[in-house]
Chemist: 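I'd like to ask some things about the structure below.
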Number of protein chains: 2
Amino acid sequence: MTPNAASARILLIEDEAPIRRFLKIALGSAGHETLEAGSGREGLERAVIGNPDLIILDLGLPDMDGKAVVREIRSWSSLPILVLSVRDGEAEKIAALDAGADDYVTKPFATGELLARLRVLLRKRGDSEAQPSTVQVGPLSVDLARRLVTVGDQEIKLTRKEFDILALLARHGGRLVSHRQILTEVWGPAHVDDLHYLRIAIGHIRNKLDDDPASPRFIVTEPGVGYRLLS
Amino acid sequence: MTPNAASARILLIEDEAPIRRFLKIALGSAGHETLEAGSGREGLERAVIGNPDLIILDLGLPDMDGKAVVREIRSWSSLPILVLSVRDGEAEKIAALDAGADDYVTKPFATGELLARLRVLLRKRGDSEAQPSTVQVGPLSVDLARRLVTVGDQEIKLTRKEFDILALLARHGGRLVSHRQILTEVWGPAHVDDLHYLRIAIGHIRNKLDDDPASPRFIVTEPGVGYRLLS
DNA sequence: GGTCAGCGTAAAGTTTGCGTAAAGACCGCA
DNA sequence: TGCGGTCTTTACGCAAACTTTACGCTGACC
């Protein structure tokens with residue numbers, strides 16, 4: 001059974017050292033390699049540079065809200081996330097799962113069950129496989145993980161929102177993304193009607209990418225609907 | 001977000017009628033369609049012929065071992081299976097998960113959490129199966145996701161309403177679409193009587209597609225009724 | 001053969017939506 | 001506390017899209 005469930009790189013984001021040590025041993029005995037992070041910020045860094053196959057995330061971190069960590073990671077990767085928490089509240093579970101987590105286990109947990117749930121998440125690895133975290137459109141390249149944009153060899157410096165928009169378009173690979181969708185994803189649901197924000201931001205991006213809306217190299221306007229990347 | 005998490009066909013394999021009824025209502029309120037099976041044997045049949053998007057499986061079936069059902073299904077399909085059980089034994093969970101189940105929820109369960117876990121399983125659907133959102137009619141091709149229309153290799157630039165109309169016809173694949181239907185879908189219910197709008201727009205589309213109403217290549221007029229795409 | 005309903009086209013009038021500029025508010029950081 | 005960058009807000013020109021009005025054509029029916 002489970003041939004490719006063995007020997008994965010697992011990133012463990014957990015602030016309590018004893019639990020981290022315990023899990024490291026448990027994971028090791030199951031044949032996994034462990035990367036460790038003691039805070040949300042550190043976890044995000046390691047997720048980018050450590051290239052893990054799966055992330056185990058404790059919700060009760062000191063520096064960040066766990067759900068925010070999930071959303072951050074989901075903004076550039078679909079790699080499996082198993083959330084660990086002492087909180088057994090239903091609302092908490094639902095929120096974490098809807099933020100993008102793939103499973104939720106309540107502490108204290110049974111080690112065997114945890115390992116079984118990891119196997120479930122890992123055996124999907126083969127199927128969906130390695131989507132590249134960098135998108136190419138002609139001379140334009142968008143590195144979702146490093147938040148780096150280049151045209152040719154020229155690095156383009158985008159602001160946070162500008163990058164978020166471009167990344168969203170890039171992740172949809174040439175398909176149309178509606179105004180509403182961009183606004184809710186980038187500005188939040190409260191700003192679905194602030195269309196001019198979007199127009200101005202798109203204007204800035206085009207300006208930096210040296211893109212002409214009349215005959216676009218990269219970003220195409222679909223009047224009344226939204227934007228899409230040329231593919 | 002989660003656009004394709006809504007409205008799934010869910011096969012419910014559960015022998016206790018009250019629980020089945022309860023779940024059917026809960027799933028229905030979440031926008032899902034439900035198929036029902038009262039035994040393992042029946043469940044396997046329905047899984048084959050019912051074309052569900054997800055299966056909820058009770059382990060405590062009278063005729064078969066639940067894990068055997070999971071293995072049967074896994075032998076020909078990778079569709080998501082959520083196992084439901086009163087047994088809280090760790091060994092049981094591990095066995096079911098390793099047999100191929102994707103998640104395991106213990107009865108009694110919180111409805112909200114169950115629905116959230118279903119969303120997790122369903123949102124993977126869209127990624128993997130890259131829906132073919134493009135319709136072909138002879139040399140005409142309508143890409144619904146990219147909002148792109150081509151005739152041969154020539155890209156045709158349509159306005160918003162023009163594209164909406166053509167997309168509506170394309171989605172109905174050669175079947176007749178009434179005036180009323182087009183007007184309500186594209187202009188809104190307030191304009192069901194403004195038939196001339198439609199005629200003019202159709203005229204523009206035909207013009208751009210180089211289509212002659214007298215001997216149409218693409219759009220056929222059904223006098224007094226509506227329009228349809230030639231197939 | 002006349003009339004009329006339904007369709008298609010042309011062209012003028014009006015509104016909407018897009019893009020840009022610029023100024024003010026905000027925020028993190030030194 | 002001041003500074004630079006970022007985001008928000010306001011305003012406006014312009015072009016495309018949409019609406020409105022008008023008219024010619026065809027075929028059916030009387």
Side-chain angles (χ1 to χ4, degrees), chain A residues 41 63-64 147 149 155-169 176-180 182-228, chain B residues 147 149 156-169 176-180 182-228:
Chain A
R41 191 52 47 206
D63 63 333
M64 291 180 68
R147 297 182 73 88
V149 177
E155 180 179 338
I156 309 291
K157 203 173 164 323
L158 295 182
T159 71
R160 198 164 353 137
K161 286 210 165 44
E162 287 165 11
F163 179 86
D164 288 345
I165 295 169
L166 189 58
L168 189 60
L169 294 177
L176 172 76
V177 189
S178 72
H179 294 142
R180 294 190 68 82
I182 303 177
L183 285 165
T184 49
E185 293 271 327
V186 176
W187 273 270
H191 293 87
V192 275
D193 296 319
D194 294 330
L195 220 154
H196 49 291
Y197 292 3
L198 176 54
R199 273 204 269 275
I200 291 164
I202 288 278
H204 291 157
I205 298 173
R206 276 173 168 155
N207 198 19
K208 290 182 180 179
L209 297 182
D210 190 25
D211 196 17
D212 177 14
S215 62
R217 294 195 297 160
F218 306 122
I219 299 178
V220 182
T221 303
E222 297 286 356
V225 189
Y227 296 89
R228 67 183 171 83
Chain B
R147 294 197 136 241
V149 177
I156 310 290
K157 204 173 164 317
L158 295 183
T159 72
R160 175 156 47 121
K161 286 208 166 47
E162 287 165 10
F163 179 87
D164 289 346
I165 295 168
L166 189 59
L168 189 60
L169 294 177
L176 172 73
V177 189
S178 72
H179 294 142
R180 293 189 67 82
I182 303 177
L183 284 164
T184 49
E185 294 268 329
V186 176
W187 273 269
H191 294 87
V192 275
D193 297 320
D194 294 330
L195 205 120
H196 50 291
Y197 292 1
L198 176 54
R199 275 205 266 278
I200 292 166
I202 288 279
H204 291 157
I205 298 173
R206 277 172 168 156
N207 195 22
K208 290 182 180 178
L209 297 183
D210 191 24
D211 196 17
D212 178 14
S215 62
R217 293 196 297 160
F218 306 121
I219 298 178
V220 183
T221 304
E222 297 286 355
V225 191
Y227 297 89
R228 66 184 174 83

Chemist: With sequence neighbours left out, write down each residue that passes salt bridge (Lys or Arg N to Asp or Glu O under 4.0 Å) with B/Asp211, or none if nothing qualifies.
Modeler: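 Testing B/Asp211 for salt bridge (Lys or Arg N to Asp or Glu O under 4.0 Å), a comparison that skips the adjacent residues, returns none.
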Chemist: Is there a side-chain polar atom (N or O) of A/Thr159 under 4.0 Å from OP1 or OP2 of D/dG5?
Modeler: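 So the side-chain polar atoms of A/Thr159 never come under 4.0 Å of the phosphate oxygens OP1 or OP2 of D/dG5.
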Chemist: What is the distance from NE2 of B/His191 to P of D/dC18, rounded to the nearest Å?
Modeler: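 That distance rounds to 13 Å.
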Chemist: Please compare B/Lys208 and B/His196 by the position of their nearest nucleotide in DNA chain D and report the one closer to 5'.
Modeler: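 Residue closer to the 5' terminus by nearest nucleotide: B/Lys208.
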Chemist: Can you tell me the distance, in whole Å, between the CH2 atom of B/Trp187 and the C1' atom of D/dC18?
Modeler: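 Whole-Å distance recorded here is 9 Å.
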Chemist: Rounded to whole angstroms, how far apart are CG on B/Leu198 and P on C/dT9?
Modeler: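 Going from CG in B/Leu198 over to P in C/dT9 covers 13 Å.
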Chemist: What is the distance, to the nearest angstrom, from the CG atom on B/Leu183 to the P atom on D/dT19?
Modeler: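 B/Leu183 atom CG is separated from D/dT19 atom P by 11 Å.
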Chemist: For the pair made of CG in B/Asp212 and P in D/dT26, what is the distance, rounded to whole Å?
Modeler: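 Taking atom P of D/dT26 as the reference, CG of B/Asp212 is at 13 Å.
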Chemist: Please determine if B/Asp164 and B/Arg147 form a salt bridge, counting it only when a charged side-chain N lies under 4.0 Å from a carboxylate O.
Modeler: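 Looking at B/Arg147 together with B/Asp164, the answer is yes, because their closest N to O distance falls below 4.0 Å.
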Chemist: Output a table of nitrogen or oxygen pairs between the protein and nucleotides 11-18 of chain C separated by less than 3.5 Å.
Modeler:
from	atom 1	to	atom 2	distance (Å)
C/dC18	OP1	A/Gly224	N	2.8
C/dC18	OP2	A/Arg199	NH1	2.2
C/dC18	O5'	A/Arg199	NH1	3.3

Chemist: Rounded to the nearest 0.5 Å, how far apart are CG of A/Leu166 and CZ of A/Phe218?
Modeler: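 Rounded to the nearest 0.5 Å, the CG-CZ separation comes out at 9.5 Å.
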Chemist: Closest approach to the side chain of A/Lys161, judged atom by atom: which nucleotide of D/dT6, D/dT8, D/dT10 is it?
Modeler: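 So the side chain of A/Lys161 is nearest to D/dT8.
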Chemist: Do you know which two heavy atoms are closest between A/Leu176 and A/Arg228, and how far apart they sit?
Modeler: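 Of all heavy-atom pairs spanning A/Leu176 and A/Arg228, the closest is CA-CB, 3.7 Å.
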Chemist: I need the CG-P distance between A/Asn207 and D/dT6, as an integer number of Å.
Modeler: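 Going from A/Asn207 (CG) to D/dT6 (P), I get 14 Å.
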Chemist: Identify, with sequence neighbours excluded, every residue that meets ring pair (Phe, Tyr, Trp, His ring centres under 6.0 Å) alongside A/Tyr227.
Modeler: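 A/Tyr227 satisfies ring pair (Phe, Tyr, Trp, His ring centres under 6.0 Å) with A/His179 once adjacent residues are dropped.
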Chemist: Closest approach of B/Val220 and B/Arg206, non-hydrogen atoms and distance?
Modeler: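 The answer is C-NH2, 4.1 Å.
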Chemist: Applying the side chain to side chain contact (heavy atoms under 4.5 Å, CB included) test to B/Leu198, which of B/Ile200, B/Asp194, B/Ile202 qualifies?
Modeler: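 So, applying the side chain to side chain contact (heavy atoms under 4.5 Å, CB included) to B/Leu198 and each of B/Ile200, B/Asp194, B/Ile202, only B/Ile202 qualifies.
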Chemist: Taking CD1 from B/Ile165 and P from D/dA17, how many angstroms apart are they, rounded to a whole number?
Modeler: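 Nearest whole value for this atom pair: 14 Å.
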Chemist: Tell me the interatomic distance from B/Asp211, atom CG, to C/dT9, atom C1', rounded to whole angstroms.
Modeler: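 After rounding, the reported distance stands at 15 Å.
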